[in-house]
Protein chains: 2
Amino acid sequence: MRKSKFVSIYHDLSEKILKKKIDAGALLPTENELCAQYHASRETIRKALAMLSRNGYIQKVQGKGSIVLDVSRQNFPISGLTSFRELAAHSKRQWTTDVHQVVLLNPDEHLKMMMNLQEGQTVWQVVRSRSTEGESVILDRDYLIQEVVPMLTADQCAHSLYDYIENELGLKIGFAKKEITVESANEEDYRYLTMHEGTHVVVVRSLVYLENAQLFQYTESRHRADKFRFVDFARRDHM
Amino acid sequence: MRKSKFVSIYHDLSEKILKKKIDAGALLPTENELCAQYHASRETIRKALAMLSRNGYIQKVQGKGSIVLDVSRQNFPISGLTSFRELAAHSKRQWTTDVHQVVLLNPDEHLKMMMNLQEGQTVWQVVRSRSTEGESVILDRDYLIQEVVPMLTADQCAHSLYDYIENELGLKIGFAKKEITVESANEEDYRYLTMHEGTHVVVVRSLVYLENAQLFQYTESRHRADKFRFVDFARRDHM
DNA sequence: CAGTGGTCTAGACCACCTG
DNA sequence: AGGTGGTCTAGACCACTGA
């Protein structure tokens with residue numbers, strides 16, 4: 001079995017919710033009913049439900065049931081995402097990517113510290129901009145450790161870096177630490193982005209790690225402020 | 001038992017990691033060892049570990065163990081929380097709150113739609129600003145449904161709305177949907193915030209729901225752009 | 001190969017909500 | 001009181017890592 005059972009159940013239920021086969025505000029079948037429907041034990045069902053809950057599909061209420069939440073009202077959370085391609089796939093806009101630079105370089109002190117690099121490690125630097133409706137609104141600057149990604153071409157960067165990394169190289173992304181701030185636009189922003197009014201950009205800095213906890217990428221993603229939007233679903237752990 | 005066993009184990013381990021009793025990069029004891037240490041079954045241990053993993057404390061690697069992550073490098077994620085008080089508690093700065101307005105009002109059409117209000121429902125409007133180092137940098141505008149929060153005084157707003165709601169009223173916050181954008185400052189921003197250079201503010205709009213999935217609050221939090229910072233830990237579900 | 005984490009099960013008991 | 005979800009258990013088998 002490629003996927004685990006509880007993930008299949010999660011997908012089945014999340015799809016039913018997205019396609020409105022179950023209305024928002026209604027209750028999911030009880031856990032025991034789901035056990036019967038999916039021929040699974042209760043703990044397995046509960047893993048699927050926990051995942052739905054984490055991702056904003058349902059709210060569990062003890063003694064009552066699992067309430068289906070309204071997944072349409074706000075555009076749906078694109079948190080937990082790491083790649084631009086995935087983000088673009090969720091949006092209705094048409095996006096194009098321009099690759100400005102793909103070079104191998106010796107990291108400076110700042111980058112060495114930031115990425116915790118060993119002496120002698122080299123990194124790929126990739127600079128790309130993303131355009132929609134004729135305007136360039138995102139400037140991405142990626143640094144990838146060459147030991148992990150030995151070779152890189154402009155073609156791969158134009159298509160999807162992550163597609164290449166996950167499908168061609170067989171590496172698996174584990175997690176990312178991100179920081180969002182607002183900063184003054186620099187000369188490169190003016191060069192590569194379509195900046196009319198406004199002198200500030202939203203900067204998303206990410207450290208991306210593989211599944212084995214190895215850091216392999218640092219990215220600085222600079223967004224024209226008026227085109228930036230971040231949506232999040234946050235659950236409260238009171239414990 | 002007030003707390004569940006797996007949550008206690010989670011707290012015990014997360015504290016050990018925060019206090020560096022276990023080094024970053026090292027492995028946690030194996031699941032079987034933890035079973036023995038905490039007199040718990042393996043599934044219970046695994047719930048605690050899953051929680052540590054979700055919150056960025058560890059990375060689990062099959063066949064190997066649970067690697068402790070570096071929790072100090074980046075300031076720690078302030079995602080998943082909803083209240084300003086908690087945020088302030090994590091920061092080293094000294095904050096003060098000014099309450100500018102606490103009034104009961106009949107919602108206009110926009111608010112009715114936004115909050116999905118029934119005919120005749122009234123809401124509290126609270127306007128507060130937050131200052132640090134002599135500068136006012138955050139302007140919060142909250143709307144709370146009066147059916148849920150019958151009475152509200154300026155005193156309670158100056159202290160902590162959430163403290164009052166959770167501890168006095170006994171309500172429990174469940175989850176929130178948030179959206180972050182950058183917008184032009186309006187006249188109120190100029191009135192209540194210390195705006196020197198810069199004409200834009202970061203706007204965080206949140207819909208906050210109780211544990212029973214009932215919406216009870218809408219908040220617009222406006223941040224002076226140069227003081228805004230959002231840190232996130234994002235795990236990838238590849239399934 | 002032994003040892004690790006990943007998944008699944010069946011059954012038990014508790015806490016909460018609703019009639 | 002009956003049904004719901006919340007927690008915990010003991011045991012089984014699988015998939016991956018490393019020596």
Side-chain angles (χ1 to χ4, degrees), chain A residues 1-13 26-54 57-69 170-172 174-175 210-214 235-239, chain B residues 1-13 26-54 57-69 170-172 174-175 210-214 235-239:
Chain A
M1 231 193 299
R2 178 98 195 93
K3 284 190 221 175
S4 32
K5 198 167 180 177
F6 78 91
V7 177
S8 309
I9 298 173
Y10 164 78
H11 280 133
D12 194 58
L13 290 172
L27 292 176
L28 239 44
T30 70
E31 296 185 349
N32 283 316
E33 285 167 356
L34 291 170
C35 290
Q37 281 181 35
Y38 290 102
H39 306 289
S41 76
R42 204 170 140 228
E43 284 289 9
T44 299
I45 293 297
R46 284 178 57 73
K47 277 185 197 168
L49 296 184
M51 209 164 165
L52 289 169
S53 169
R54 256 203 318 285
Y57 289 95
I58 63 171
Q59 174 69 11
K60 313 193 75 182
V61 181
Q62 187 169 78
K64 209 168 172 188
S66 298
I67 304 172
V68 175
L69 298 181
L171 300 172
K172 290 206 176 143
F175 58 93
L210 298 175
E211 268 196 340
N212 63 3
Q214 180 185 13
R235 200 161 267 289
R236 192 169 170 87
D237 288 346
H238 358 206
M239 297 171 171
Chain B
M1 228 191 304
R2 178 101 195 92
K3 284 190 220 169
S4 32
K5 198 166 180 175
F6 77 90
V7 176
S8 308
I9 299 172
Y10 165 78
H11 280 133
D12 194 59
L13 289 171
L27 293 176
L28 238 44
T30 69
E31 296 185 348
N32 283 317
E33 283 166 357
L34 291 171
C35 291
Q37 280 180 35
Y38 290 103
H39 306 289
S41 77
R42 208 173 136 223
E43 285 287 9
T44 300
I45 293 297
R46 284 178 58 72
K47 277 184 196 168
L49 295 184
M51 210 165 164
L52 288 169
S53 170
R54 261 206 311 287
Y57 289 96
I58 63 170
Q59 174 70 10
K60 311 193 77 184
V61 182
Q62 187 169 81
K64 208 169 173 188
S66 298
I67 303 172
V68 175
L69 299 181
L171 300 172
K172 291 211 176 138
F175 58 93
L210 298 175
E211 269 196 340
N212 64 3
Q214 181 187 12
R235 201 162 265 292
R236 192 170 169 88
D237 289 344
H238 359 207
M239 296 169 171

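So that the names make sense, note that chain A is the first sequence line, chain B the second, and so on, each numbered from 1.
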Rounded interatomic separation in angstrom, taking [atom1] from [X] and [atom2] from [N]:
X: B:I58; N: C:dG5; atom1: CD1; atom2: C1'; answer: 11 Å
X: B:K64; N: C:dT4; atom1: NZ; atom2: C1'; answer: 11 Å
X: B:L27; N: D:dG18; atom1: CG; atom2: P; answer: 10 Å
X: A:I67; N: D:dG5; atom1: CD1; atom2: C1'; answer: 12 Å
X: A:N212; N: D:dG18; atom1: CG; atom2: C1'; answer: 14 Å
X: A:Q62; N: C:dC13; atom1: CD; atom2: P; answer: 18 Å
X: A:K47; N: C:dA10; atom1: NZ; atom2: P; answer: 14 Å
X: B:N32; N: D:dT9; atom1: CG; atom2: C1'; answer: 14 Å

Practice problem: Just compare C:dG6, D:dG6, D:dT7 and give me whichever is closest to any side-chain atom of B:E31. | Solution: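 Selected nucleotide (nearest to the side chain): C:dG6.
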Quiz prompt | Close residues, residues 33-46 of chain A, relative to DNA chain C [heavy-atom separation under 4.0 Å] | solution = A:H39, A:A40, A:S41, A:R42, A:E43, A:T44
Exercise. Give a yes or no on whether the backbone of B:H39 and the side-chain of B:K5 come within a donor-acceptor separation of less than 3.5 Å.
Key: yes
Self-check item: Flag, side chain of A:R235 to backbone of A:S53, donor-acceptor distance under 3.5 Å
Solution: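 Present.
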Quiz item: Between CD of B:Q59 and CG of A:N212, what distance do you get to the nearest 0.5 Å?
Solution: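 Separation between the atoms: 8.0 Å.
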Practice problem: Find the distance between CG (A:D12) and CG (A:L34) and round it off to the nearest 0.5 Å. | Solution: 10.0 Å
Quiz item: For B:K5 and D:dT9, is the shortest distance between a side-chain N/O and OP1 or OP2 below 4.0 Å?
Solution: yes
Practice problem: Give a yes/no on whether any side-chain N or O of A:K60 is located under 4.0 angstrom from OP1 or OP2 of D:dG6. | Solution: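 Yes, because at least one side-chain N or O of A:K60 sits under 4.0 Å from OP1 or OP2 of D:dG6.
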Exercise. Determine whether B:I58 and B:I67 make a side-chain contact, defined as any pair of heavy atoms from C-beta on separated by less than 4.5 Å.
Key: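 They are not in side-chain contact.
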Self-check item: Shortest non-hydrogen contact between A:L49 and A:S66, atoms and distance
Solution: CD1-OG, 4.1 Å
Self-check item: Verdict with reasoning, A:T44 to A:K47, per side-chain contact (heavy atoms from CB on, under 4.5 Å)
Solution: CA-CA 5 Å; A:T44 299; A:K47 277 185 197 168; 5.8 Å; no
